[in-house]
Undergrad: 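So that we are looking at the same thing, I have put the structure below in structure tokens.
Note that the structure is a prediction, hence the values are computed from the model and not measured. Throughout, a chain's letter reflects where its sequence line sits, starting with A, and its residues are numbered from 1.
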Amino acid sequence: MKNKPAFVATLKIRTVEGDFVAHYSSTGLARLDFPTAKTKGATTAPAAPPVTRWHELATRAVRQALQGRPMTATPPVDLSCGTAFQRRVWAALRAIPAGKTETYAGLAASLKRPKAARAVGGACGANPAPLFIPCHRVVAAHGGLGGFSGGLHWKRKLLEREAEEN
DNA sequence: ATTTCTGGCCTGA
DNA sequence: TCAGGCCAGAAAT
């Protein structure tokens with residue numbers, strides 16, 4: 001069950017850490033990319049009214065997240081690209097407060113699938129909107145960091161900053 | 001302590 | 001099917 005939301009706009013989010021790129025569908029933020037060599041290219045396009053509003057919220061939220069502060073407001077996030085299982089994982093992730101961490105095994109248990117830790121990891125990796133879906137707050141069961149699709153250095157940085165704020 | 005299986009579960013091909 | 005992934009726990013060094 002993975003329909004593919006069509007992007008109606010792609011906008012950059014400038015931050016001190018580089019340029020993130022946000023993709024919007026007709027129902028909300030559908031994807032967020034970390035800064036890379038590719039995101040330098042100007043992809044800004046004219047946006048329809050609801051999108052510009054979402055983009056304001058997303059921009060502020062991303063900057064807050066980079067400082068380790070909890071997001072005060074977020075745009076609607078379009079998770080329609082995920083499977084049922086992935087959406088359940090993502091929903092659980094959004095319940096983890098800033099400054100706290102959960103383990104892959106713990107999440108699996110809360111989803112009534114105590115043996116699906118690895119599958120949870122897979123869902124995290126498939127997360128289309130990091131920061132908004134805080135997969136960086138999920139660590140390995142015995143202290144390790146686990147991995148991070150956007151680059152492990154981001155995960156470390158985000159966790160450090162959130163820890164400082166608390 | 002750390003390395004190496006082995007089990008388990010969800011995807012995408 | 002089948003391989004492989006942001007895993008865990010047990011067994012073997």
Undergrad: Which residue pairs pass the ring pair (Phe, Tyr, Trp, His ring centres under 6.0 Å) test with at least one member in residues 143-164 of chain A, sequence neighbours excluded?
TA: F20(A)-W154(A), F34(A)-F148(A), F34(A)-W154(A)
Undergrad: Without swapping roles, check the side chain of R94(A) against the backbone of A92(A) for a donor-acceptor pair under 3.5 Å.
TA: no
Undergrad: How long is the straight-line distance from NE2 of H136(A) back to NZ of K157(A), given to the nearest 0.5 Å?
TA: 12.5 Å
Undergrad: Just the atom pairs and distances: protein N or O near nucleotides 11-13 of chain B's N or O, under 3.5 Å.
TA:
{"from": "dT11(B)", "atom 1": "OP1", "to": "T83(A)", "atom 2": "OG1", "distance (Å)": "2.2"}
{"from": "dG12(B)", "atom 1": "OP2", "to": "K2(A)", "atom 2": "NZ", "distance (Å)": "2.3"}
{"from": "dG12(B)", "atom 1": "O5'", "to": "K2(A)", "atom 2": "NZ", "distance (Å)": "3.3"}

Undergrad: Between K155(A) (side chain only) and V138(A) (backbone N and O only), is there a donor and an acceptor less than 3.5 Å apart?
TA: yes
Undergrad: Please, what dot-bracket string fits DNA chain C when only Watson-Crick and G-U pairs with both distances under 3.5 Å count, crossing ones use [ ] and pairs to another strand use |?
TA: |||||.|||||||
Undergrad: If you take any heavy atom closer than 4.0 Å to DNA chain B, which residues from residues 92-100 of chain A end up in contact?
TA: none
Undergrad: Can you tell me how far P of dA8(C) sits from CG of L111(A), to the nearest Å?
TA: 14 Å
Undergrad: Look at the side chain of Q86(A) and the backbone N and O of T83(A), then say whether any donor-acceptor pair between them is shorter than 3.5 Å.
TA: yes
Undergrad: Go through it in stages, so that I can follow the logic: the residues are D19(A) and K12(A), the test is salt bridge (charged side-chain N to carboxylate O under 4.0 Å, His left out), and I'd like the CA-CA distance, side-chain angles, deciding distance and then a yes or no.
TA: CA-CA 6 Å; D19(A) 293 344; K12(A) 283 206 292 191; 3.5 Å; yes
Undergrad: Near DNA chain B, counting only heavy atoms under 4.0 Å, which residues of residues 112-127 of chain A show up?
TA: R113(A), K115(A), A116(A), R118(A), A119(A)
Undergrad: Examine distances only and state if a side-chain atom of R31(A) and a backbone atom of Y24(A) form a donor-acceptor pair shorter than 3.5 Å.
TA: no
Undergrad: Decide, yes or no, whether a salt bridge links R137(A) with E162(A) under the criterion of side-chain N to carboxylate O below 4.0 Å.
TA: yes
Undergrad: What is the distance, rounded to the nearest whole Å, between atom NE2 of H142(A) and atom C1' of dA1(B)?
TA: 13 Å
Undergrad: Would you say L159(A) and T101(A) make side-chain contact, with heavy atoms under 4.5 Å?
TA: yes
Undergrad: Apply side chain to side chain contact (heavy atoms under 4.5 Å, CB included) to T15(A) and V62(A), showing your working.
TA: CA-CA 8 Å; T15(A) 76; V62(A) 167; 4.1 Å; yes
Undergrad: Do T72(A) and Q64(A) make a side-chain contact, defined as non-hydrogen atoms from C-beta onward lying under 4.5 Å apart?
TA: yes
Undergrad: Test salt bridge (charged side-chain N to carboxylate O under 4.0 Å, His left out) on E56(A) and R53(A) and set out the steps.
TA: CA-CA 5 Å; E56(A) 288 173 20; R53(A) 171 68 183 143; 3.4 Å; yes
Undergrad: Taking only residues two or more places apart in sequence, or in another chain, which ones meet A119(A) in a side-chain contact (heavy atoms from CB on, under 4.5 Å)?
TA: F85(A), A116(A)
